[in-house]
Protein chains: 2
Amino acid sequence: MSTRPPSAADLIANHGGRVTRTRVAVVDALDASNHPLTHDEVAANLSEAEVPHDRVTLYRALDWLVDKGIAHRVAGSDRAWRYGIVREAPHQHAHFHCSGCGNVFCLEQVQPAFAIALPGGYQLDRAELILHGICPTCRQAEPTAPSPEPR
Amino acid sequence: MSTRPPSAADLIANHGGRVTRTRVAVVDALDASNHPLTHDEVAANLSEAEVPHDRVTLYRALDWLVDKGIAHRVAGSDRAWRYGIVREAPHQHAHFHCSGCGNVFCLEQVQPAFAIALPGGYQLDRAELILHGICPTCRQAEPTAPSPEPR
DNA sequence: ACAGTTAACGCTACAATGTTGCATTATGAA
DNA sequence: TTCATAATGCAACATTGTAGCGTTAACTGT
Ligand SMILES: [Mn+2]
Ligand SMILES: [Mn+2]
Ligand SMILES: [Zn+2]
Ligand SMILES: [Zn+2]
């Protein structure tokens, strides 16, 4: 017998939270995605699943999940946070920002471990590595696109 | 005889732009700062120098400077862009985000050059290294502060 | 099964950071 | 000086998120 992954409800209850409609649906939505989602994307997801929800409640649910370490939050290039389920703690890896679709992908394989010669006086706490480029899906959509991008 | 650094007006004119009150003041403000400034900080700076200015015009001036490569733009942790004068092109170095003062510092010494084994299908365009911690100024202000930061 | 406590909700208002449209101004060129 | 138009200044709007506060419903204890 292998241990099954905990249900959304279990995850929430195990962290001392009340199991509510929105929280369960949010965890399910994040868990089903292969990349972190914006508040708006989660909302769309819930709407599609016909789960009634409130904008503010959704923000609070996401915040709570991050606070409990169930989800993590990563900044996008468009100043909207992305929320992703935490699949392996601690959450420390590079993130890939696709300039095609705008999605952010967690690269769990790429652990930013490098020695940095910091100028004097700076006290380093945490390093964040962000890679910009084209994700596999967008790349396949336009394989050899020159994308002239006139300056 | 050493070549003097170009005046703000020259910089602007050399890029084919009209030399206006706001643009000149913005370039001067950015140039005088040792770290990139937010729109709001630039505005405060202009107010202090008693340079009349409009919020939107200021945004457009900053955008124009970035577009021409005179300034560069870097994201803050508070979803406000920071604008800094370009002192050495190309602008490619690590950025330090101070959790004390919230300022962002350009670390021209720290060039993010590392070999990354990217998962298949991703096309890398640019790598961005963000360091989080305490800047020299904030550190001196509270030398051994634990900074409890209650969640 | 029921009642009580209070975490969490849902709504309204507000804040911060930008963007868009458009009439007006003033910069640089002729 | 005159002229074309780049750039401005103002009002309105968009997006992303927070704060206050009365109401609801999830859990606890019986
Ligand atoms: Mn991640
Ligand atoms: Mn910089
Ligand atoms: Zn993509
Ligand atoms: Zn600082």
Side-chain angles (χ1 to χ4, degrees), chain A residues 7-27 36-47 50-68 70-71 73-83 97 102-104, chain B residues 7-27 36-47 50-68 70-71 73-83 97 102-104 150-151:
Chain A
S7 69
D10 288 347
L11 248 183
I12 294 163
N14 289 344
H15 283 82
R18 292 187 180 175
V19 178
T20 65
R21 188 179 64 209
T22 301
R23 281 185 182 166
V24 170
V26 168
V27 169
L37 303 176
T38 62
H39 168 277
D40 222 45
E41 290 169 330
V42 173
N45 206 309
L46 297 213
S47 291
E50 297 190 62
V51 177
H53 60 279
D54 173 75
R55 226 172 64 85
V56 175
T57 299
L58 185 45
Y59 272 114
R60 291 198 271 232
L62 290 166
D63 283 350
W64 185 85
L65 292 173
V66 170
D67 194 55
K68 295 306 176 185
I70 298 172
R73 218 173 62 150
V74 44
S77 311
D78 54 359
R79 74 179 192 292
W81 293 106
R82 317 289 159 125
Y83 300 84
H97 291 219
N103 285 334
V104 174
Chain B
S7 71
D10 289 347
L11 249 183
I12 294 163
N14 290 344
H15 283 83
R18 291 188 181 176
V19 178
T20 65
R21 188 180 64 210
T22 302
R23 281 185 183 166
V24 170
V26 168
V27 169
L37 303 176
T38 62
H39 168 277
D40 222 45
E41 289 169 331
V42 173
N45 206 309
L46 297 213
S47 292
E50 296 190 61
V51 177
H53 59 279
D54 174 77
R55 228 171 63 84
V56 175
T57 299
L58 184 45
Y59 273 115
R60 292 198 269 232
L62 290 165
D63 283 350
W64 184 86
L65 291 173
V66 170
D67 194 54
K68 295 305 176 187
I70 298 172
R73 217 173 62 150
V74 44
S77 311
D78 54 0
R79 72 179 193 293
W81 293 106
R82 316 290 158 124
Y83 301 83
H97 291 220
N103 285 335
V104 175
R151 63 174 182 93

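Not measured: the values here are computed from a predicted model. Throughout, a chain's letter reflects where its sequence line sits, starting with A, and its residues are numbered from 1.
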Between the side chain of [X] and the main-chain N/O of [Y], is any donor-acceptor distance below 3.5 Å?
X	Y	result
D67(B)	D63(B)	no
H39(A)	Y83(A)	no
R21(A)	V51(A)	no

Going from [atom1] on [X] to [atom2] on [Y], what distance comes out if it is rounded to the nearest 0.5 angstrom?
X	Y	atom1	atom2	value
T57(A)	L62(A)	OG1	CG	11.0 Å
R55(B)	D40(B)	CZ	CG	9.0 Å
W64(A)	H15(A)	CH2	NE2	7.0 Å
R73(B)	L65(B)	CZ	CG	12.5 Å

Check the distance between [N]'s [atom2] and [X]'s [atom1] and give it to me in whole angstrom.
X	N	atom1	atom2	result
R73(A)	dT16(D)	CZ	P	14 Å
E41(A)	dT15(D)	CD	P	14 Å
L58(A)	dA8(C)	CG	P	15 Å
H53(B)	dC10(D)	NE2	P	11 Å
D67(A)	dA8(C)	CG	C1'	14 Å
W81(B)	dT17(C)	CH2	C1'	12 Å
W64(B)	dT8(D)	CH2	P	10 Å
Y59(A)	dT15(D)	OH	C1'	8 Å

Which atoms form the tightest heavy-atom contact between V104(A) and G76(A), and what is the distance? CG2-CA, 4.4 Å
Nearest heavy atoms of R82(A) and P36(A), plus distance in Å: CB-CB, 3.4 Å
Angle by which the axis turns from one end of the helix from dA1(C)-dT30(D) to dA30(C)-dT1(D) to the other, five pairs per end, to 10 degrees: 40°
Going by modelled atom types, is there a donor-acceptor pair between the base of dG9(D) and the side chain of R60(B) at under 3.5 Å? yes
Would you say the side chain of R55(A) and the base of dG17(D) hold a donor-acceptor pair, judged only by whether the two atoms sit under 3.5 Å apart? yes
Measure all distances between protein nitrogen or oxygen atoms and nitrogen or oxygen atoms of nucleotides 3-5 of chain C, and list the pairs falling under 3.5 Å.
none

What nucleotide, of [options], holds the atom closest to the side chain of [X]?
X	options	result
A80(A)	dA19(D), dC10(D), dT16(D)	dT16(D)
R23(B)	dG10(C), dT8(D), dG18(C)	dT8(D)
V56(B)	dA19(D), dA8(C), dC10(D)	dC10(D)
R21(A)	dG17(D), dT8(D), dG10(C)	dG10(C)

Could you tell me whether the phosphate oxygens of dT8(D), OP1 or OP2, come under 4.0 Å of any side-chain nitrogen or oxygen in T20(B)? yes
Of L37(A), L58(A), I70(A), the residue whose pairing with V26(A) passes side chain to side chain contact (heavy atoms under 4.5 Å, CB included): L58(A)
